[in-house]
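Scroll down for the structure; my scribbles are underneath it.
All of these numbers come straight from a predicted model, not from anything done at the bench.
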Amino acid sequence: MQVHPETDAASVFERALSDVSPGRRGLDAWTSLLRAHATLMRRLETDLERETGLALADFDVLAQLASAGGSLRMTELAARALISRSGMTRRVARLVDEGLVNRANADADARGVVVALTDAGLARLVETAPVHIGGVSELFVARLDDRELDVLQNALDKVTVDCTFG
């Protein structure tokens, strides 16, 4: 569908928005959240990969495993991490090939798979964590005061939904 030159696309879009969001309540905040998330994640991903060679999604998998005590069932890891279930399967396979994690059948349920951090994986995580957390501190934490951080956390906790990534 082509928009005619005499049609003001911005006005048409605004009318469509006003039908579901009178006065655009909250839409500017939503746009700011999306922009902040996208730009921060791109920067953190770029910086981590440039400085350590580790992808941010790999760091997330290793960090989730470490935070859970060293191992998780694949389904729990997929629910905690920031990538899709199918993406998790491929990522874990690659991390196994790199020697950073092991994959084994769960004892109680042969259908279940447990992913465990190896010593090499823990060492890689410890090596890369200062770069990632330094970036989070510089790009996010340092730009907000304690009150803003508390308000932001409380607000985001209210809108966090329970879901798994396909």
Taking side-chain contact (heavy atoms from CB on, under 4.5 Å) as the criterion, tell me which of V101, D58, L77 meets it with R91.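 One option only clears the test, and that one is D58.
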L44 and side-chain contact (heavy atoms from CB on, under 4.5 Å): which partner among V131, T39, V136?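 When side-chain contact (heavy atoms from CB on, under 4.5 Å) is applied between L44 and each of V131, T39, V136, only V136 qualifies.
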Group every Ile, Leu, Val, Met, Phe, Trp and Tyr by side-chain heavy-atom contacts under 4.5 Å, then state whether [X] and [Y] land in the same group.
X	Y	value
V96	M74	yes
V159	V151	no
L48	L139	yes

Restricting to non-hydrogen atoms, name the atom on [X] and the atom on [Y] that form the minimum distance, rounded to 0.1 Å.
X	Y	answer
M88	A81	CE-CB, 3.3 Å
A120	G99	CB-O, 3.6 Å
L72	R80	CD1-CD, 3.8 Å

Among all residues two or more places apart in sequence or in another chain, which pass the side-chain hydrogen bond (donor to acceptor under 3.5 Å, both in side chains) test with S67?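 Partners of S67 under the side-chain hydrogen bond (donor to acceptor under 3.5 Å, both in side chains) test: none.
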From [X] atom [atom1] to [Y] atom [atom2], the distance as rounded to the nearest 0.5 Å:
X	Y	atom1	atom2	result
R143	L40	CZ	CG	8.0 Å
T46	M41	OG1	CE	11.0 Å
I133	F59	CD1	CZ	5.0 Å
L117	N102	CG	CG	9.0 Å
L65	L100	CG	CG	10.5 Å
T118	E98	OG1	CD	10.5 Å

Any carboxylate oxygen within less than 4.0 angstrom of a Lys/Arg side-chain nitrogen, looking at E127 and R124?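 R124 and E127: salt-bridged.
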Is D47 paired with R50 through a side-chain N to carboxylate O contact shorter than 4.0 Å?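 Yes.
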Do other residues, nucleotides or ligands put more than 12 heavy atoms under 6.0 Å from [X] [atom1]?
X	atom1	result
D145	CG	yes
R43	CZ	no
D146	CG	no

Any heavy-atom pair between the side chains of [Y] and [X] that's under 4.5 Å?
X	Y	answer
D60	Q64	yes
L125	L54	no
L122	L62	no

Assess whether side-chain contact (heavy atoms from CB on, under 4.5 Å) is satisfied between V141 and L149, documenting all intermediate values. CA-CA 8 Å; V141 177; L149 289 168; 4.1 Å; yes
